[in-house]
Amino acid sequence: MATLRALECLVAVADTGSITDAARLLHSSQPAVSQQIAALERETRTALLRREARGVTLTPAGRAALAEARRAIDAAASAVRSARATGEAEGGSLRLACAQSLTVPLLAPVIRAWHRHHPRVAISIREAVSPDGLFNPADGETVDVFVLPGPVDGRFTTTVLAEEEIVVTAPRGHRLAAAGAVTLAELDGADLVHFAPDNSLSDWLDRSLSAAGLRLKPVVRTSVTSAAPQLAAAGLGIAISPVSAVSAGFPGVVRSFSPRWTRRLVAATPGEPDPLAARFIADLRTRGVRVPHDVRAQLGDDAP
């Protein structure tokens, strides 16, 4: 197949009318340009140049190839510009897959900033309530960055984004309202707003409570992580959830655990992140998970 360099030589010869001048234009040598033209003529099986006393001219075959040669060179230059722009966050696209509970508190503020500062980058998000839904989409979609609680298996390169607190929520007037912080043992036997089996927090919470030797009574289950604290505030029981699930203006009680309970949030990429993904991940790390002021006040948390 014809090389891009051979096509560049053909165009340079056509523009200058001389192999010597073409070599000078391409910062190459005359023999090198002649070799590229000869290789192109072998590929096309016909003469492309006519040598004359005053220089060279294109044969009909050379003229036929010239327009496509120019388009190929322009396309190659365009490909380089597009790749460079993407690496510099001035173009391209970024495909994200995110645990449902993290879309609003973690991704949304960073995406909003990117829409303002990197408007030519197209960002798409796919949400799921379980790792299987993230890593094994039904449509086989390729993902650039996964955002989810860790750990993630060794197939992926992971970057720690934040340590997120796990909290307990309850209706106002609940006995926990008088506590500064809550031990797990204090919750034994309590009515629990639990997560539906399709939400990976369900299995995580069952394992955590079992390891602590606790038995809570599930009274209702929800697939939506942010719904659990709201159902607890409505008087259906207590809920144990990431603090990111507790929205501003929360009408119930929010308390930390003693000792403090956290989970690690990570970004995972198939291999080392490319420059565009790495820039987005760095912004996620810088921002972290912000806790609403009123929720932070209840937790006595001085974090930003």
Side-chain angles (χ1 to χ4, degrees), residues 95-108 124-139 141 143 145-153 156 158 160-171 182 184 187-188 190-212 214-248 250-257 261-268 284 288-292 295:
R95 296 160 298 188
L96 311 174
C98 182
Q100 177 206 69
S101 62
L102 300 176
T103 306
V104 173
L106 183 57
L107 281 189
S124 62
I125 309 175
R126 178 169 52 76
E127 299 172 285
V129 294
S130 72
D132 284 346
L134 286 181
F135 294 122
N136 302 302
D139 58 7
E141 175 194 20
V143 172
V145 181
F146 298 88
V147 179
L148 71 163
V152 177
D153 70 53
F156 297 90
T158 59
V160 176
L161 300 176
E163 295 283 345
E164 181 180 28
E165 185 172 6
I166 305 300
V167 297
V168 58
T169 49
V182 179
L184 276 170
L187 304 182
D188 198 27
D191 290 342
L192 176 68
V193 176
H194 208 339
F195 298 99
D198 64 346
N199 188 320
S200 62
L201 287 173
S202 174
D203 181 61
W204 164 81
L205 186 53
D206 284 341
R207 286 187 283 105
S208 299
L209 295 176
S210 177
L214 301 181
R215 290 179 176 270
L216 279 71
K217 298 180 291 186
V219 294
V220 66
R221 290 179 180 267
T222 176
S223 293
V224 180
T225 304
S226 59
Q230 296 292 336
L231 292 171
L236 296 183
I238 65 160
I240 299 172
S241 72
V243 70
S244 60
V246 185
S247 60
F250 179 64
V253 173
V254 188
R255 292 293 180 266
S256 295
F257 281 98
W261 188 359
T262 64
R263 68 172 181 171
R264 179 165 288 181
L265 306 180
V266 302
L284 289 175
V289 176
R290 301 295 176 91
V291 180
V295 175

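Below, all heavy atoms of this structure are taken into account, side chains as well, without hydrogens, waters or symmetry copies.
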**Report entry** Nearest non-hydrogen partners of Leu184 and Leu214, listed with the distance
**Finding:** O-CD1, 3.2 Å
Query raised in the report: Excluding sequence neighbours, so at least two apart, what forms side-chain contact (heavy atoms from CB on, under 4.5 Å) with Ala97?
Result: Arg126, Leu134, Val143, Phe146
Query - Gap separating the OG atom of Ser200 from the CG atom of Leu205, nearest 0.5 angstrom - result: 11.0 Å
Query raised in the report: Should Leu192 and Ile238 count as side-chain neighbours, where that means a heavy-atom distance under 4.5 Å?
Result: yes
Query raised in the report: Ser210 side chain to Asp206 main-chain N or O, any donor-acceptor pair under 3.5 Å?
Result: no
Requested in this report: Could you tell me whether the side chain of Val295 reaches within less than 4.5 Å of the side chain of Val167, counting heavy atoms only?
Outcome: no
Report task. Not counting sequence neighbours, list each pair that qualifies as a salt bridge (Lys or Arg N to Asp or Glu O under 4.0 Å) and has a residue in residues 217-230. Result -> Asp191-Lys217
Report summary line: Smallest heavy-atom separation, Ser202 atom then His194 atom, equals O-CE1, 3.6 Å
**Report entry** Closest approach of Ile166 to Pro242 (non-hydrogen atoms, all atoms of both residues)
**Finding:** CD1-CA, 3.9 Å
Query raised in the report: Do the side chains of Val129 and Thr225 get nearer than 4.5 Å, heavy atoms only?
Result: no
Report summary line: Smallest heavy-atom separation, Val266 atom then Pro149 atom, equals CG2-C, 4.4 Å
Query raised in the report: Would Phe135 and Val152 count as a side-chain contact (heavy atoms from CB on, under 4.5 Å) if you check the C-alpha gap in whole Å, the side-chain angles of each, and the deciding distance to 0.1 Å?
Result: CA-CA 10 Å; Phe135 294 122; Val152 177; 3.9 Å; yes
Query raised in the report: Sequence neighbours excluded, which residues qualify as side-chain contact (heavy atoms from CB on, under 4.5 Å) partners of Ala227?
Result: Thr222, Val224
Query raised in the report: Can you check whether Val253 reaches Val168 side chain to side chain, under 4.5 Å on heavy atoms?
Result: no
Query raised in the report: Under the 3.5 angstrom rule, does the side chain of Glu164 hit a backbone N or O of Val289 as a donor-acceptor pair?
Result: no
Query raised in the report: side-chain contact (heavy atoms from CB on, under 4.5 Å) between Ile240 and Leu187: does it pass, once the steps are laid out?
Result: CA-CA 10 Å; Ile240 299 172; Leu187 304 182; 3.9 Å; yes
**Report entry** Ser223 to Asp198 - nearest heavy-atom pair and separation
**Finding:** OG-OD1, 2.7 Å
Report summary line: Sorted by chain and number, sequence neighbours left out, side-chain contact (heavy atoms from CB on, under 4.5 Å) with Ser247 holds for Gln230
Query raised in the report: Distance from Leu209 atom CG to Arg215 atom CZ, nearest 0.5 Å?
Result: 11.5 Å
Report task. Kindly determine whether Val147 and Leu96 satisfy side-chain contact (heavy atoms from CB on, under 4.5 Å), including the steps that lead there. Result -> CA-CA 8 Å; Val147 179; Leu96 311 174; 5.7 Å; no
Requested in this report: Would you please test Arg264 and Thr158 for side-chain contact (heavy atoms from CB on, under 4.5 Å) and show each step?
Outcome: CA-CA 11 Å; Arg264 179 165 288 181; Thr158 59; over 6 Å; no
Query raised in the report: Can you list the residues that meet the side chain to side chain donor-acceptor pair (under 3.5 Å) rule with Ser130, with sequence neighbours excluded?
Result: none
**Report entry** Close side-chain approach of Val193 and Ser241, heavy atoms under 4.5 Å
**Finding:** no
Query - Residues in side-chain contact (heavy atoms from CB on, under 4.5 Å) contact with Ala233, at least two apart in sequence or another chain - result: Phe250, Pro251
